[in-house]
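To start, the structure under review is shown below, and the notes come after it.
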Amino acid sequence: MASNFLRRLELQGFKSFALKTVLEFPERVVAIVGPNGSGKSNLIDALRWVLGEREAKQLRGDTLGNLIFGGTTKRAAVSLARVALHFDNRNGTFPIDAPEVELSRKIDRSGVSEFYLHDSEIKLKDLVPMLARARLGARGLTMIGQGQSDMFVKSSSTERREMIEEVLGLREYRIKKNQAERRLEASSANMDKVRALIEEIAPHLRLLLKQKHRWNKRSEIADELKALETNYFGFRYHALRSELHELEKPLHALDAELRGKHEQVAALEKHAKEEDAKAFDAKRVTLLREGLTKLFEERADTEKKLIRLEAQAEITARASHTAQQPPEAYRSFISELSGEIDAALRAQDFAEVKEKLHAWAKKIKFLLNPASEIETKSDDSENEIKKLKAALHIVDKEIIALRAEEDAILTSQRTMHAELRSRFEALEKERESLRKLEEKARNFQFELEKAQLKIGDVERDWRALGKPVSALEELPKSAGEIDVADAERRMLRLRGELAAIGEIDDGMVKEADETEKRHEFLTAELSDLEKATKDLTGVIRELEEKIHDEFKSAFHTINKEFNNYFQLMFGGGKAKLALVKKEPAPVLNENDEVMPVIDAPDADLTAGVEIDLNLPRRKITNLDMLSGGEKSLVSLAALFSLIAVSPPPFLVLDEIDAALDEDNARRFSELVKSFSQKTQFIIITHNRSTMEVADILYGITMGEDGISKVLSLKLS
Ligand code: ATP
Ligand code: MG
């Protein structure tokens with residue numbers, strides 16, 4: 001025999017139970033009896049209320065505030081209602097490590113209501129699945145209220161299905177399935193939202209990422225450019241510096257050499273000038289030539305005079321030839337005279353020459369004897385000839401001397417010219433070598449200036465990069481040769497690329513990072529949601545299958561039992577529960593034509609339960625045709641068939657037997673007795689046969705004060 005599940009009911013301030021009231025349920029069948037209006041049904045309300053009933057109407061009150069004892073003429077109202085149920089938890093019905101579980105609910109005048117599992121508050125949404133798991137519900141067949149004995153018949157096919165599922169313990173799965181479906185709806189709504197958000201940021205993100213990618217590339221390019229610049233400027237600067245250095249060294253030597261050469265040439269030029277000055281006396285030569293010309297003229301004059309005189313002398317001589325002339329004397333005289341003339345010519349003194357000439361003239365006169373006119377004349381011309389000849393002689397001698405001088409001058413001039421030429425050639429040679437040196441120096445200077453200009457260019461280019469010239473010196477020397485033109489082309493290209501990419505906008509980079517993070521977050525969320533959706537779909541399908549399988553397998557047996565109990569209660573006939581699938585809403589295509597109906601996959605799950613009856617000896621087409629008692633009997637047959645298949649831990653029935661005749665009431669009590677093996681019964685009844693099967697009777701009374709009280713009467 002199963003233990004009693006509901007152990008105890010405690011009430012305080014609840015409806016007519018103003019005082020703390022405790023009902024123990026130590027037995028299998030508890031009957032609650034008492035006069036009308038004593039508060040029996042209030043106990044059921046209390047049970048329902050703790051088991052999560054939210055509707056005041058179901059608890060027979062306009063408002064939940066009516067659940068609190070409202071006071072009577074003799075008793076003041078209370079401010080708080082509390083009801084507690086104690087359950088046996090030895091088989092772990094509640095997920096709590098305790099042999100007995102206390103579940104309670106409180107409400108105060110402000111309408112605030114709280115559930116407690118022991119001393120801890122528990123939310124209704126957490127409580128409901130727990131109760132479903134324990135197969136405890138505030139409504140349905142396990143808690144049939146007063147006047148609800150025909151509930152099964154009166155309910156809709158869907159409600160019947162729910163009642164069956166509850167007794168079968170499938171409500172737990174149904175709740176879970178509903179929760180899963182709600183979560184699935186929420187997830188797909190979230191998924192739509194997340195997808196929309198992703199779509200919304202996607203184009204912007206693409207743009208930002210593209211830009212970011214370009215910027216990432218920018219730093220790569222900038223690094224490459226920097227390395228290239230360092231290399232290029234290092235190489236160029238140091239190469240030019242050493243070139244300059246290489247040029248300066250020989251240039252210094254060249255300068256010294258040049259100075260020497262200049263001095264040498266200047267000395268040579270000075271010397272040449274001096275030589276030139278004394279070398280050639282042109283004036284003297286002119287003077288000589290003029291002198292010579294004059295002498296020649298003088299000579300020609302003298303010769304002319306001489307010739308005329310000699311011609312006259314000849315004539316005179318011929319005339320005197322008649323006179324004897326001693327030829328021997330003349331001859332000796334002439335030879336003597338010739339010697340005298342020579343001596344006179346040699347003489348320096350003109351007076352001496354004149355004296356001699358006078359002596360010669362006397363001698364000559366003596367020789368010539370008698371002094372005639374002819375002789376005198378002949379003497380005079382001879383003297384004259386002598387004089388002329390002597391003059392001629394002197395002129396000749398002068399000419400010879402001048403010629404000699406001229407020759408000497410000309411000879412010396414020729415020598416001078418030769419010397420001059422060789423000196424000039426030597427000077428020219430030196431000048432040429434000076435020119436060559438100067439040319440060389442100029443070339444060096446030119447190269448030097450070129451190198452300096454290039455250094456200037458390099459420095460300017462370097463400064464243009466915004467760097468101090470002093471940093472150039474610190475640049476490392478390039479390891480090897482670099483291709484300057486190629487480097488310049490590459491730098492130009494890289495700078496162009498950098499310019500094309502543009503400046504990095506930190507804000508935009510930050511935005512890109514944030515947007516990317518957000519996109520990642522959303523994508524992760526989407527995939528979480530997709531996974532959740534998939535999981536939930538799986539869970540829902542599993543639950544559907546479970547509900548379906550368990551329902552189907554139980555349904556067949558329930559049906560058999562239903563028929564049995566029906567026949568038992570009606571003394572024959574036939575009864576059957578049938579599943580009816582809900583008509584699906586028509587689906588229209590785009591032409592507003594009704595599409596062929598395809599069975600919804602969960603049609604079996606939502607299928608309602610109809611009741612087919614064949615009463616003995618009567619024909620009924622419709623359940624409404626049944627009498628009130630018959631409706632209760634059919635409902636009871638259904639209840640017993642259900643609990644036969646799946647006995648709930650306890651059943652609470654409020655005057656369910658009220659409509660039954662004596663025979664049926666007896667049958668009912670017998671069934672209760674036999675089912676109490678597996679299920680605990682708490683039955684409010686006015687029926688004697690039912691009271692008879694109870695193990696314990698509680699009497700509820702209400703005194704003058706309007707407060708319900710409990711009297712217990714244990715039966716055995
Ligand atoms: P019956 O046998 O006729 O069904 P009963 O024993 O089931 O009667 P109940 O319906 O449980 O009687 O009790 C009704 C009584 O409870 C009424 O007299 C009503 O005045 C009282 N009652 C209901 N709510 C309150 C409340 N909030 N405060 C005080 N009394 C209340
Ligand atoms: Mg009642």
Side-chain angles (χ1 to χ4, degrees), residues 9-23 25 30-51 53-85 104-113 138-139 142-151 628-629 632 635 651-660 665 668 672 681-691 694 696-713:
L9 167 64
E10 289 175 15
L11 311 96
Q12 186 167 14
F14 186 84
K15 288 202 168 179
S16 53
F17 293 90
L19 305 172
K20 181 164 181 176
T21 312
V22 178
L23 284 90
F25 302 112
V30 180
I32 295 167
V33 298
N36 292 132
S38 59
K40 302 183 294 297
S41 294
N42 289 344
L43 291 174
I44 308 297
D45 293 337
L47 274 167
R48 278 198 167 129
W49 185 59
V50 180
L51 293 179
E53 182 57 63
R54 275 177 295 181
E55 281 180 38
K57 214 182 112 201
Q58 295 290 333
L59 302 170
R60 303 179 304 143
D62 293 341
T63 64
L64 285 176
N66 287 342
L67 298 178
I68 305 170
F69 176 71
T72 59
T73 44
K74 301 243 165 111
R75 277 275 174 176
V78 297
S79 57
L80 189 101
R82 178 182 183 271
V83 178
L85 300 178
S104 60
R105 189 174 182 182
K106 281 198 298 208
I107 188 164
D108 60 23
R109 287 277 170 202
S110 70
V112 174
S113 159
R139 299 182 194 175
T142 56
M143 191 89 57
I144 301 173
Q146 195 167 5
Q148 292 178 328
S149 61
D150 55 359
M151 187 167 70
S632 290
S635 293
L651 282 174
V652 180
L653 311 168
D654 190 353
E655 297 193 38
I656 199 172
D657 51 7
L660 307 185
F668 169 73
V672 167
F681 284 91
I682 294 160
I683 309 169
I684 296 170
T685 189
H686 294 293
N687 209 310
R688 187 158 292 276
S689 56
T690 308
M691 287 181 216
I696 184 166
L697 270 178
Y698 276 113
I700 310 294
T701 59
M702 184 181 275
E704 293 276 291
D705 53 3
I707 293 172
S708 297
K709 288 180 194 72
V710 179
L711 300 167
S712 82
L713 174 57

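Remember, it's 1-based here, ligands and their atoms both numbered in the order they're listed.
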Open item on the list: Just checking: Gln146, one of its N/O/S atoms, less than 2.8 Å away from the Mg ion (ligand 2), yes or no?
Closed with: yes

Open item on the list: Applying salt bridge (Lys or Arg N to Asp or Glu O under 4.0 Å) as the test, list every pair that has at least one member in residues 63-77; sequence neighbours left out.
Closed with: Lys74-Glu704

TODO: Inspect the surroundings of CZ in Arg688 and state if more than 12 heavy atoms from other residues, nucleotides or ligands are less than 6.0 Å away.
DONE: no

Task: Neighbour list for ligand 1 [protein residues, heavy atom under 4.0 Å] - done: Lys15, Ser16, Pro35, Asn36, Gly37, Ser38, Gly39, Lys40, Ser41, Asn42, Arg60, Asn66, Ile68, Phe69, Gly70, Gln146, Glu655, His686

Task: Any residue meeting side chain to side chain donor-acceptor pair (under 3.5 Å) with Lys15, in chain and number order, not counting sequence neighbours - done: Asp45

Open item on the list: Once side chain to side chain donor-acceptor pair (under 3.5 Å) is applied, do any residues pair with Asn42, and if so which ones, sequence neighbours excluded?
Closed with: Ser16, Arg60

Open item on the list: Looking at Lys57, is its backbone amide N or carbonyl O close enough to the side chain of Glu55 to form a donor-acceptor pair, meaning the two atoms are under 3.5 Å apart?
Closed with: no

Task: Flag, side chain of Ser79 to backbone of Arg109, donor-acceptor distance under 3.5 Å - done: no

